[in-house]
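Computed from a predicted model, the values in this text were never measured in an experiment.
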Amino acid sequence: DKSNPIPIYGVPSNEKYLHKLRTIDGERIRFRRIGSTEHVNIIKPIDEYEIFNSVGDTIAKLYLSPYHWKTSKKAPLGFKIVE
């Protein structure tokens with residue numbers, strides 16, 4: 001949800017984070033940056049990504065906030081992180 005974006009350390013880390021993301025079943029995802037958006041309670045821009053499964057179906061929209069001191073190690077609901 002854009003009111004609670006995923007904290008990321010720097011814009012280049014957006015894609016690093018997304019490359020580690022898998023569906024809960026371990027399936028690789030694909031993603032496309034839609035653009036930036038805003039939320040009344042968040043000062044800096046929020047990056048919006050469309051997330052696709054392996055056959056190209058949209059499965060989620062994720063919101064990342066690349067203006068934090070560290071990147072989250074948590075996965076959104078329905079996903080997991082692989083190292």
Side-chain angles (χ1 to χ4, degrees):
D1 182 70
K2 70 178 162 180
S3 68
N4 187 23
I6 299 163
I8 303 291
Y9 177 66
V11 173
S13 295
N14 281 355
E15 291 193 13
K16 289 179 186 177
Y17 176 85
L18 292 169
H19 281 296
K20 293 180 181 181
L21 207 57
R22 302 288 184 272
T23 66
I24 202 73
D25 298 327
E27 180 183 0
R28 296 193 108 170
I29 63 160
R30 293 184 306 164
F31 55 87
R32 176 179 67 93
R33 185 176 183 274
I34 297 170
S36 63
T37 187
E38 298 176 346
H39 188 273
V40 67
N41 294 331
I42 299 173
I43 296 169
K44 304 237 180 187
I46 302 163
D47 293 329
E48 182 177 8
Y49 285 83
E50 186 173 11
I51 309 300
F52 306 95
N53 63 14
S54 61
V55 295
D57 297 327
T58 300
I59 57 173
K61 280 190 183 174
L62 295 180
Y63 299 92
L64 283 65
S65 177
Y67 303 100
H68 295 268
W69 290 107
K70 65 180 186 172
T71 297
S72 177
K73 294 182 189 248
K74 295 181 181 180
L77 188 63
F79 295 91
K80 65 182 178 179
I81 301 276
V82 296
E83 293 295 328

* Distance (rounded to the nearest 0.5 Å) between N4 CG and N41 CG -> 11.0 Å

* Asked: Going by heavy atoms in the side chains, are L62 and L18 under 4.5 Å from each other?
  -> yes

* To do: List in chain and number order the residues that pass side chain to side chain contact (heavy atoms under 4.5 Å, CB included) with R33, two or more places apart in sequence or in another chain; answer none if no residue qualifies.
  => S36, D47, Y49

* To do: Might you work through the side chain to side chain contact (heavy atoms under 4.5 Å, CB included) test for I29 and F79, ending with a clear yes or no?
  => CA-CA 10 Å; I29 63 160; F79 295 91; 4.1 Å; yes

* When rounded to the nearest 0.5 angstrom, what distance separates CD1 in I8 from OG1 in T71? -> 4.5 Å

* **Distance (rounded to the nearest 0.5 Å) between Y9 OH and K16 NZ** => 10.0 Å

* Shared ILVMFWY cluster between Y17 and I34, side chains joined below 4.5 angstrom? -> no

* Student check: side-chain heavy atoms of P5 and I42 closer than 4.5 Å -> yes

* Asked: Is any side-chain heavy atom of I46 closer than 4.5 Å to a side-chain heavy atom of L64?
  -> no

* Taking T58 for the side chain and F52 for the main chain, is one N or O donor matched with an acceptor at less than 3.5 Å? -> no

* Structure fact -> So the salt bridge (Lys or Arg N to Asp or Glu O under 4.0 Å) pairs with at least one residue in residues 50-65 (sequence neighbours excluded) are R32-E50, E48-K61

* **Listed partners of K74 passing salt bridge (charged side-chain N to carboxylate O under 4.0 Å, His left out), at least two apart** => none

* Can you name the residues that form a side chain to side chain contact (heavy atoms under 4.5 Å, CB included) with K44, not counting sequence neighbours? -> Y67

* Would one find more than 12 heavy atoms of other residues, nucleotides or ligands at under 6.0 Å from atom CD1 of I24? -> yes

* Structure fact -> Sorted by chain and residue number, the side chain to side chain contact (heavy atoms under 4.5 Å, CB included) partners of P7 (sequence neighbours excluded) come out as H68, S72

* **Test side chain to side chain contact (heavy atoms under 4.5 Å, CB included) applied to R28 - qualifying residues, sequence neighbours left out** => R22

* Exam field: side chain D1 to backbone S3, donor-acceptor pair closer than 3.5 Å -> yes

* Heavy-atom closest pair, residues E27 and S54 -> OE2-OG, 2.5 Å

* **Test of ring centre spacing under 6.0 Å for H39 and Y63** => no

